Structure formats: C-alpha cells, structure tokens
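To start, the structure itself, in structure tokens.
Since the model is a prediction, treat every value here as computed from it, not as a measurement. In each ligand, atom 1 is the first atom listed, and ligand 1 is the first ligand listed.
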Amino acid sequence: MKIIGVACSGLDRSVSRKMIEAFLKGAAEAGHETELILIHQDLLGCTGCKGCKNKDSFCVRQDVLTHYFEALPEADAVVLGFGIYMGYPQGEAWTFMNRHYCLHKGFVGGECKIRPGKKLFCMVAQGAPDNPQYRENCDAVLRPFDGWGFDRQPILVASGRETEVKIQEAYELGKRV
Ligand SMILES: Cc1cc2nc3c(=O)[nH]c(=O)nc-3n(C[C@H](O)[C@H](O)[C@H](O)COP(=O)(O)O)c2cc1C
C-alpha cells in the first residue's frame with residue numbers, strides 16, 4: 001500500500017504529528033510505502049476560483065498540496081493529524097478539507113477524479129479528555145471526505161497523560177493497516 005501522512009500542526013513537539021509518524025513507522029515496517037507531508041507552512045485556502053472544474057487535473061493553486069494531489073491518485077490511505085483549537089480541529093484541517101473541492105468534475109453530482117475506497121485515518125491531539133462534543137466537531141471536518149469516496153476509519157484521540165499510549169496505538173494501527 002501507498003500511505004500519505006498529512007500533518008496540520010507546525011509545532012516541533014506536536015503530538016498529532018508524532019502519532020502520524022508512529023503510524024507511518026509501523027506501516028513501513030509492515031512493508032508499505034509511506035510519505036509524510038507537513039502542510040502548516042505553505043498552505044493556501046480554496047479561493048472558489050473554480051479553476052479545477054473545467055479540467056481533469058486538481059487544484060490550480062501551487063503550494064504544499066500540489067504534491068499531495070499529485071500523489072493522491074496512487075495512494076491507498078491518508079493519515080491526517082491535527083490538534084484541537086477552541087474545541088474544533090485547527091484551521092489547517094478545515095483548509096485541507098476545503099481544498100478537496102477540486103476532486104469532483106463539474107459541480108454537484110460530478111464524477112470524482114480519484115477512485116473510491118482510500119482509507120482515511122485521523123490522529124487528534126487535545127488538552128481535554130476525549131469527549132463526544134470534540135469527536136462530533138472532528139466528524140464535521142471529516143464527513144465531507146465520504147463524498148470523495150474515502151473510507152473513514154475510527155479516529156484516534158490523544159490527550160494529557162494518555163499521549164504516549166496513543167502514540168503506541170498509532171504505531172500498532174500502522175503495522176496492521
Ligand atoms: C490556540 C489553542 C487553542 C487550544 N484549544 C484547545 C481546546 O479548546 N481544547 C483542548 O482540549 N485543547 C486545546 N488546545 C490544546 C491543543 O489541542 C494541544 O496542545 C494539542 O496537543 C495540539 O496538537 P499538536 O500537539 O498536534 O500541535 C489548544 C491549543 C492552542 C494552541
């Protein structure tokens with residue numbers, strides 16, 4: 001399998017990035033091809049220019065996601081990681097999701113430019129204990145991926161003292177992917 005990790009957090013000590021790295025390490029040890037993309041520095045928003053709608057190619061904006069969209073058609077899984085800010089996924093996660101607007105040809109009901117069934121894993125880091133409200137807020141940013149044919153997997157949440165345990169869980173998940 002080809003697996004792309006996408007890290008939203010720019011912190012050196014980012015917990016969500018460590019979870020992605022652990023997942024990818026496990027997957028690489030199991031023989032899969034992995035790549036990690038750090039999106040925080042160079043990430044542009046969708047401007048709604050609709051430049052993607054008249055072509056088979058992806059978003060016309062040239063940034064860190066240009067390479068992501070080039071790699072996506074051949075990928076079998078994406079591992080997205082983000083922190084929780086003010087109770088919601090951090091802004092980069094929403095921007096990342098919005099940019100997938102380019103995946104449908106034309107507008108509502110248009111054919112998707114990638115084959116369905118890519119697994120979407122999600123690694124979440126937060127200060128507060130795991131709770132239903134934050135999970136619902138995470139689902140809000142992840143649900144649109146269903147429309148692009150992704151096969152959403154249960155999210156893994158790390159908080160407080162459980163962090164190291166969750167990083168280990170991410171590693172085990174990657175090994176079993
Ligand atoms: C601006 C800001 C807002 C935050 N808001 C919340 C919050 O509402 N609830 C929470 O549990 N943690 C909150 N945190 C803590 C982060 O979720 C936590 O530090 C997490 O580890 C960040 O992810 P990262 O380590 O991958 O960067 C906040 C942190 C920052 C910097």
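Near ligand 1, residues S9, L11, S14, V15, S16, G83, I84, Y85, M86, G87, A125, Q126, G127, A128, Y134 each place a heavy atom inside the 4.0 Å sphere around the ligand atoms.
Checking each of K25, E29, K18 against Y171 for a side-chain hydrogen bond (donor to acceptor under 3.5 Å, both in side chains) leaves exactly one that passes, namely E29.
Taking a 6.0 Å sphere around OH of Y101, one finds it holds more than 12 heavy atoms contributed by other residues, nucleotides or ligands.
The aromatic ring centroids of F96 and Y68 lie less than 6.0 Å from each other.
In this structure, H100 and F145 have perpendicular ring planes: the angle between them is above 60°, well past the 30° mark.
With T95 contributing its side chain and L44 its backbone, the two residues share no donor-acceptor pair below 3.5 Å. Side chain of R17 to backbone of D12: a donor-acceptor contact under 3.5 angstrom is found.
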